[in-house]
Amino acid sequence: MHRKIFHIDVNSAYLSWEAAWRLQHGETLDLRDIPSIVGGDVKKRRGIVLAKSIPAKAYGIQTGETVYSAVQKCPSLISVAPQYERYVVASDSMVALIREYSPYVQRYSVDEVFLDYQGKRDPLDVAEEIRERIKTTLGFTVNIGVGENKLLAKVASDFTKPDRVHTLYREEIKRKMWPLPVEDLFMVGRRTKKKLNDRGIWTIGDLAALDRDYILHWLKKPGLTIWEYANGIENSPVKNEGPPPKSVGNSTTTAFDVETEEDALLVLLGLTETVCMRLRAHRMYTRLVNVHFRNYSFVGYGRERTLYSATDSTARIYSMVKTLFRELWEGEPLRQLGVSVGRLSPNDVTQLSFFETWDEEAVQLDRTVDQVRNKYGQTALYRSSFLDSGIHPVIGGVIAEEDYPMMASLL
DNA sequence: TCTGGGGTCCTAGGACCC
DNA sequence: TCTGGGGTCCTAGGACCC
């Protein structure tokens, strides 16, 4: 009986999926073979690089930089718009294939999956088979990292790309992981890298060699976490179901600066509608409402407030959104607005505040609007205040059935 | 900078209570 | 009271991840 953890990571996910989709729909040019990116719409001020081909990477183009800057580096660069619906289909197909190998499969993000393999076969053979099957049957490549825990598997999948299987077993830590720059470690970002470098810590091995109490007192709990990772210590299980969400939010960058309260409130209402629909789809209530924005000079602010009682009512939540926005906004032009709700709890128990009454009509209205929108489309029904406003009545990301847990700062 | 959108976790200070 | 310390809640901001 063998047991190993796999981390399966799609190479340049959005770009690979876009390329595969296009080939399967009659196009002959493979985006992966030329300098290309999946990038946001510059005219809508969403122009950043979401994914890049390997030829584009050779020009020094990086994920997250502006499309403008990417084109400066490579004038012949091809930029295509993201088509998220396609990527969800590709992702779902990959997960279905992976589930054939184990009942313990964790979808970590849209393009990353953990698998806990327990069986008679050599784990390395199994990993190679999964890699090959995804390539031949689905048309895109993945890297697979194999290790004794999720952290080692994840680090291993980041070794040379694309289309590779790598191991990082305990006995290989010293040789394969410790020489790497410290920023290659999960949870070591830009700021932590600088703090570590300032004290002469440059490699994962340097970090691993520190005294445990020294880093604990210096960088507190996050410091202890990365020190354990550097030593290969990590033991979280591959969870079949993600935990319930702790917050739900939507934000949007507007094509033009928002300059009036009227327009700002319409955008916020559109966002609140989406957030509340997702909240109800999760069968959750919220007790915390947050409004945040960035102004024309990209400076961001936020304000949040606790509600008297938990709710999923669009009217109640939007009322708080308005209050918070009016307290926060100083009248400057805005380029991005967001609404999120937190401190969620299951909606199966309703605790009425002493000061409130149960508004059955409002509850039924929300339920009915959700049903109509789910059946006939997100804009089948919308508030008349949006008419002729030029502002979309429902703003925000896909309302997926299962709303992947997009992230976890911990494995 | 021409700089997206979805999240989680941690820290820290003040309020408030015992 | 010229007041100690611990616990919890609230809010703002920062760091990190995909």
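Order of the sequence lines sets the chain letters (A, B, ...), proteins ahead of strands, with each chain counted from 1.
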Margin query: With a 4.0 Å cutoff (strictly under), does any side-chain N or O of A:Ser69 reach OP1 or OP2 of B:dT3?
Written below: no

Next item on the list: Using only side-chain N and O atoms of A:Arg287, determine if any of them is under 4.0 Å from OP1 or OP2 of C:dC9.
Entry: no

Next item on the list: Quick one: label A:Thr192 by what it contacts on the DNA or RNA (base, sugar-phosphate, nothing), any heavy atom closer than 4.0 Å.
Entry: sugar-phosphate

Item checked: Test: A:Lys194 and A:Asp198 ion pair at under 4.0 Å -> yes

Check: For DNA chain B, which residues in residues 52-63 of chain A have a heavy atom at a distance below 4.0 Å?
Finding: none

Item checked: C1' spacing across the pair B:dC16 / C:dG4, given as an integer number of angstrom -> 16 Å

Check: Any idea how A:Phe186 and A:Tyr229 line up, ring-wise: parallel (<30°), tilted (30 to 60°), or perpendicular (>60°)?
Finding: tilted

Check: Base, sugar-phosphate, or nothing: which does A:Glu65 touch, judged by heavy atoms less than 4.0 Å apart?
Finding: nothing

Notebook entry, point to check: Under 4.0 Å: is that the gap between some side-chain N or O of A:Asn250 and OP1 or OP2 of B:dG5?
Noted result: no

Checklist line | A:Arg283 with A:Asp348: basic N within carboxylate O range, under 4.0 Å | finding: no

Notebook entry, point to check: If we take the P atom in both C:dC17 and B:dT3, what is their distance in whole Å?
Noted result: 24 Å

Check: Is the distance from OP1 or OP2 of B:dC9 to the nearest side-chain N or O of A:Lys246 less than 4.0 Å?
Finding: yes

Item checked: Beyond-backbone contact of A:Leu180 with A:Leu185, side-chain heavy atoms, under 4.5 angstrom -> no

Item checked: ring-ring contact (aromatic ring centres under 6.0 Å, His included) partners of residues 141-166 of chain A, not counting sequence neighbours, each pair once -> A:Phe159-A:His166

Item checked: Spacing between A:Tyr308 atom OH and C:dC10 atom P, to the nearest angstrom -> 12 Å

Notebook entry, point to check: With a 4.0 Å cut-off, would you call A:Asp9 and A:Arg164 a salt bridge?
Noted result: no

Check: Taking the inter-plane angle between the rings of A:Tyr14 and A:Tyr84 on a 0 to 90° scale, is it parallel (under 30°), tilted (30 to 60°) or perpendicular (over 60°)?
Finding: perpendicular

Next item on the list: Using the test side chain to side chain contact (heavy atoms under 4.5 Å, CB included), find all partners of A:Phe256 that sit at least two apart in sequence or belong to another chain.
Entry: none

Item checked: Any A:Gln336 side-chain nitrogen or oxygen under 4.0 Å from OP1 or OP2 of B:dG4 -> no

Item checked: Stretch residues 297-307 of chain A: residues that reach within less than 4.0 Å of DNA chain C through a heavy atom -> A:Gly302, A:Arg303, A:Glu304, A:Arg305, A:Thr306

Checklist line | Nearest atoms (heavy-atom pairs only) where A:Val49 meets A:Ala70 | finding: CG2-CB, 4.0 Å

Checklist line | All pairs passing salt bridge (Lys or Arg N to Asp or Glu O under 4.0 Å) where residues 40-57 of chain A contributes a residue, at least two apart | finding: A:Arg45-A:Asp257

Margin query: Check this one for me: any side-chain N or O of A:Lys154 less than 4.0 Å away from OP1 or OP2 of C:dC18?
Written below: yes

Next item on the list: Could you state the atom-to-atom distance from CZ of A:Phe293 to P of B:dG4 in whole Å?
Entry: 16 Å

Note to self: Under 4.0 Å, counting only non-hydrogen atoms across every strand here, what does A:Gly40 touch: a base, just sugar-phosphate, or nothing?
What the structure shows: nothing

Note to self: Any carboxylate oxygen within less than 4.0 angstrom of a Lys/Arg side-chain nitrogen, looking at A:Glu234 and A:Lys150?
What the structure shows: no

Next item on the list: Kindly say if A:Ser251 contacts the phosphate of B:dG6, meaning a side-chain N or O under 4.0 Å from OP1 or OP2.
Entry: yes

Next item on the list: Let me have DNA chain C in dot-bracket notation, would you? Count Watson-Crick plus G-U wobble pairs, both distances under 3.5 Å, and use [ ] for pairs crossing earlier ones and | for inter-strand partners.
Entry: ....||||||||||||||

Notebook entry, point to check: Whole-Å distance between C:dC18 C1' and A:Tyr14 OH?
Noted result: 8 Å

Notebook entry, point to check: Are side-chain heavy atoms of A:Ile134 and A:Phe140 found at a separation under 4.5 Å?
Noted result: yes

Note to self: Just to be sure I understand the rule, does A:Val67 reach a base, reach only the sugar-phosphate, or reach nothing, if contact means heavy atoms closer than 4.0 Å?
What the structure shows: nothing

